[in-house]
Structures are given as C-alpha cells and as structure tokens.
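Proteins get letters first, then strands, A, B, ... in listed order; numbering begins at 1 in each.
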Protein chains: 2
Amino acid sequence: MEDLPHIPEATVARLPIYLRILLETADHEIGTISSERLAVQAGANAAQVRKDLSYLGSYGTRGVGYDVELLIFQISRELGLTQDWSAAIVGVGHLGQALANYRGFGERGFRFAGLYDVDPRKVGETVAGIEVRHLDSLAEDVVARRIAIGVITVPASHAQEVADRMVAAGITAILNFAPAVVTVPDDVTIRKVDLSIELQILAYYQQRKTGMTGLLGHRAAAL
Amino acid sequence: MEDLPHIPEATVARLPIYLRILLETADHEIGTISSERLAVQAGANAAQVRKDLSYLGSYGTRGVGYDVELLIFQISRELGLTQDWSAAIVGVGHLGQALANYRGFGERGFRFAGLYDVDPRKVGETVAGIEVRHLDSLAEDVVARRIAIGVITVPASHAQEVADRMVAAGITAILNFAPAVVTVPDDVTIRKVDLSIELQILAYYQQRKTGMTGLLGHRAAAL
DNA sequence: GCATGTGAATAGATTCACAGCG
DNA sequence: CGCTGTGAATCTATTCACATGC
C-alpha cells in the first residue's frame, strides 16, 4: 500500500494512541513491539492494530514485530506531526485558560500561538505566558503567526459566530468545545468535544445497570 | 419497539444532541418539529433522525412531525436524565477547576458533589463552592453523597491508579481526561476525552489539504 | 398530501483465519 | 516457528425508498 489512498477515519483516531504507547515504549529502551503487545496497551485487538498499521505501509517484520523508532516516525509523518502546528484559542474563560495552561499538548508539536476574547477586561491580560488579544486581531495573527488550528471555548450562543470568524480568517481546522452544533464549509475540518454530552452518555449506560433492579426497567430511587 | 432492546451506541451518542436542540426549540415556543428540521439543526440526515428516534418508540405523528415536549420527555427518560446524577472530580489542576466551574453541566441534572486531590496544598481549599477533599475520602463520599460518576483530571501517570480507586469506591461510570489508556472491569463504563488526540486528528486532515502542494505529499515548510 | 416508521440496500469497521515471509 | 499482512466473513451504522396512517 502506498502514500495517498486515504486512511479510514476510525484508524486515524487510533493512530495517536499507538503513537503515545510507542513513545513510552521507546522511553523504556525497547526496540521492537508486536501487534499483540501494542493491542493490549491500547485496549484493542491485535488484528485491528495490524490492519491499522498496514494502511501506512509494511513496516513490520514477520516473526519479530515492529521497530519502535521506525513506527514512531511513520505514524508521526502520516499524522503530519513532523511539522509544528500553531493553534489559537478563542474564549478566555475557565476552560480556555485551562487549555492554555495544559502541559502535554506539546506532546507532539502543538503550540498555542494566540488567545482571543472580546471582553475588554480580559484583553491585554496574560494567561499562561500568552497575551490575550481582541478577537478582531485574529485574522492578522493567523497570517503572521501561521495559525492553522482554532479552538472554540466560548459559550454556545457565540460558537457559530466565532467559527465564522475563524473561517473568514483563513483557519481550516477547528476544535469546538462549545455545546452547540457549528457548521462550516466543506473544506474546513471541525471536531467537537462536548463534556455534557459525554456525561449524558455515561448516564444512559449507568441507568441500564441500576435501572434493572425494578422488573420493568423503571427509574430507580432518584437521590 | 418496546423498552429493553438496547439502543445502538451511535444513536445514544446523538440523543443528547437532539435533546439540546429540542430544548432550544421549546424555548422558542414551537410545539412540533419534523425529522427534516431536526436533522438540519443537528447536522445530520432526516432518515437517521427518524431511525434514531424510532428506537425510543413511535412518538411522531405522520404528516405532522414530533411533539417537542413529548420528545424531550422520552429522550430524557431514555438517557436517564429524569433523575439527578452526582459526579466526583479527581485532580484539582487547571482542567479539574475549569470543569468544576463549568456552567452548562446542569444542562440536565449533573452536579459535582466532590472534588479530590492528594496535594496537601489543595486539600481544604474551596473551588467553585466545593471543598477539596483528600482522595482517601472518596470511598466514604461515594456512599454518603450517592456519587455515580467519576471524572479523572490527573496527569497520565496517575490515571490508572485513580481509576482503580474509583472502582474500589464503587463508581461504575468514569470520564477520563488524562492522556492515558485506562482499563476497568467489564461492569464499569469508561469514556475518554483526549485533547491532544483531537488536535492530532485535526493535524492529519489539515496536512492532507496543505500537504498536497508538493508533488509527492511531502512535508511542507515547518513554520 | 405529507411526514413518520421501517425493511432492504449500501457503506464502513471489526474480527477471523490463514497464507507468506523472516 | 512466530508474527505480520490481508482477503473473506461478520457485525454495525447509514442511507434509501416506500408503504403506512394521520
């Protein structure tokens, strides 16, 4: 298999996990790893690991396993992590500040190159060593600081508007933390992280467990 | 379709989105909504909306659409949101504090009933109106405060240990923000939110766009 | 007539199972 | 002989298309 045929979405989502495990493995000075071992550590199935890795090419050795360093390089290259990426955070609330301070983003070349808000009390402040600028400065900064990724941490009511401004500013990859459906043009990639949806999903599965106490799956004692 | 046959995972993940849209729709005093309209607002396909909703039962009216209030109730019931849920956050770093302060969790009956850390400088402090307690108190609090959900916001190196203590304390639903694979027994539901993985996925798709400039998809100018 | 509800068709992801190679 | 690489089989999810019923 060669370079261009694109990788299934589900595989792309797992490559970063493999990469992290491989980096840890390399730290332990282990030179080679089997799909079985990688699968156990990733909480997956060995056949899946092999199939996923096969989309990158044939970098394993039969009877031996995968060379850890080689695989780190190949996955990094495939994910585009051989270059550095600059991101802008729009919305300097609790979450925006937490992200700005989050160590472990550098995990693979991500840098927050800008923090934006419209609140005059926040503009001019410094958070995590970055000066908060007015959202109006975003467009010029995208060019000047080569910002490629936008992170939305504003309230839901402003999320679409912020996304529109990001797109207008030339950003084509967005990570949305606001609890709102945001639509963007086809050439813009958007992903969402929605904390309250995650909790609701957990609640569903949790209810299935405890709700089984009554005969008909009725609701259990609420608090 | 009746009560027990369980709902596909993909559908469960979308129900909270529909619910949110329906709540907004209700705010605008609109009594009825079509699958088409719901689909547009959720960024989905009308057939999918109908199929998803059909797992809850037949709550639509042909030729008309769905009664907004009725659907809100049915989805809420299915997701287990007719009861309140208490969650504990373990790890009072930037992210843990941001979550504790996050308004909009109450969006459907979630309450943070406990904040835990092991750092003596943090234990005893108050964050978002909640006293930070030592992780050792978790087990007793799970019982006393009926905590059902655990949220992990500690560094990756401690995530598994914290998860183990949550499980030992009787928690059976966990949301993990630490960039680490955490394993739990089968009867425990775990979901992960991994910020750096999300950025890496964006980087992949971003690269596909810009990386096409060179003939062979080689890496572009790094900064 | 119009929008739901749903079988049937399609697409996508996971797992199996084994041939192929070091 | 052991572990990769991958077609084939299976399972899950999405989309189509239309019969059904208000």
Side-chain angles (χ1 to χ4, degrees), chain A residues 1-3 5-18 21-22 25 30-72 74-75 78 181 201 204-205, chain B residues 1-3 5-18 21-22 25 30-72 74-75 78 181 201 204-205:
Chain A
M1 223 126 273
E2 256 309 287
D3 262 44
H6 66 218
I7 295 180
E9 217 174 298
T11 295
V12 172
R14 280 187 298 266
L15 289 177
I17 301 172
Y18 302 150
I21 293 168
L22 289 164
T25 306
I30 297 166
T32 256
I33 193 168
S34 67
S35 60
E36 174 59 33
R37 212 171 136 65
L38 196 38
V40 169
Q41 299 204 48
N45 167 303
Q48 179 163 83
V49 170
R50 291 199 299 277
K51 181 143 286 193
D52 284 343
L53 296 181
S54 77
Y55 292 113
L56 310 182
S58 288
Y59 298 118
T61 307
R62 290 161 202 249
V64 178
Y66 298 88
D67 181 89
V68 174
E69 290 297 342
L70 175 61
L71 207 46
I72 287 173
Q74 295 299 343
I75 294 177
E78 193 63 41
V181 176
I201 296 170
Y204 171 79
Y205 291 109
Chain B
M1 222 126 275
E2 257 308 288
D3 263 45
H6 65 217
I7 295 180
E9 217 174 298
T11 296
V12 172
R14 280 187 298 264
L15 290 177
I17 302 172
Y18 302 151
I21 293 168
L22 290 164
T25 306
I30 297 167
T32 255
I33 192 168
S34 68
S35 60
E36 174 58 33
R37 214 172 135 64
L38 195 38
V40 169
Q41 299 205 50
N45 167 303
Q48 179 163 82
V49 170
R50 292 199 298 278
K51 180 143 285 192
D52 284 343
L53 296 180
S54 78
Y55 292 114
L56 310 181
S58 288
Y59 297 118
T61 307
R62 290 161 203 248
V64 179
Y66 298 89
D67 181 90
V68 174
E69 290 296 343
L70 175 60
L71 207 46
I72 287 172
Q74 294 300 342
I75 295 178
E78 193 64 40
V181 176
I201 295 170
Y204 171 79
Y205 290 108

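If you take CG of B:Leu71 and C1' of C:dG5, they are 14 Å apart, rounded to a whole angstrom. Spacing between atom CD1 of A:Ile7 and atom P of C:dA13 amounts to 12 Å, rounded to whole angstrom units. Per the geometry, CG belonging to B:Leu53 stands 16 Å off P belonging to D:dA13, to the nearest Å. Atom CZ of B:Arg14 and atom C1' of D:dT12 are 12 Å apart (whole Å). Residue B:Leu56 contributes atom CG, which lies 14 Å from atom P of C:dT4 at whole-angstrom precision. Taking atom CG on B:Leu70 and atom C1' on C:dT4, their separation rounds to 14 Å, with Å as the unit. Whole-Å rounding puts the A:Gln48 CD to C:dA17 P distance at 17 Å. Separating the NZ atom of B:Lys51 from the C1' atom of C:dA3 is a distance of 16 Å, rounded to the nearest angstrom.
Contact check for A:Tyr205 versus B:Glu9: side-chain heavy atoms found under the 4.5 Å cut-off. Using a 4.5 Å heavy-atom cutoff, the side chains of A:Thr61 and A:Thr32 are not in contact. Residues A:Ile7 and B:Tyr204 are in side-chain contact: their nearest non-hydrogen atoms beyond the backbone lie under 4.5 Å apart. At a threshold of 4.5 Å between non-hydrogen side-chain atoms, the residues B:Val49 and B:Tyr18 count as touching.
Listed by chain and number, the residues in a salt bridge (charged side-chain N to carboxylate O under 4.0 Å, His left out) with A:Arg14 are A:Asp52 (sequence neighbours excluded).
An OP1 or OP2 oxygen of D:dG5 is reached within less than 4.0 angstrom by a side-chain nitrogen or oxygen of A:Tyr66. Within the structure, a side-chain polar atom (N or O) of A:Asn45 is placed less than 4.0 Å from OP1 or OP2 of C:dC16.
Of the two residues contacting DNA chain D, namely A:Asp52 and B:Glu9, the nearest-nucleotide position lying further toward the 5' end is that of A:Asp52.
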For this session: Report the C-alpha separation of A:Glu78 and A:Thr11 in whole Å, then their side-chain angles, then the decisive distance to 0.1 Å, and conclude whether the side-chain contact (heavy atoms from CB on, under 4.5 Å) test is met.
Result: CA-CA 12 Å; A:Glu78 193 63 41; A:Thr11 295; over 6 Å; no

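Within residues 33-41 of chain A, no residue has a heavy atom under 4.0 Å from DNA chain C.
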Seminar exercise, completed: The contact string for nucleotides 17-22 of chain D, one letter per nucleotide 5' to 3', using protein heavy atoms under 4.0 Å with B, S and - for base, sugar-phosphate only and none, comes out as B--BBB

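When every heavy atom of A:Gly43 is checked against every heavy atom of B:Val181, the shortest pair comes out as N-CG1, 4.3 Å. Taking each heavy atom of B:Ile75 and B:Leu15 in turn, the nearest pair found is CG2-O, 3.9 Å. Annotation for B:Lys51 and B:Ser54: closest pair O-OG, 2.7 Å, computed over non-hydrogen atoms.
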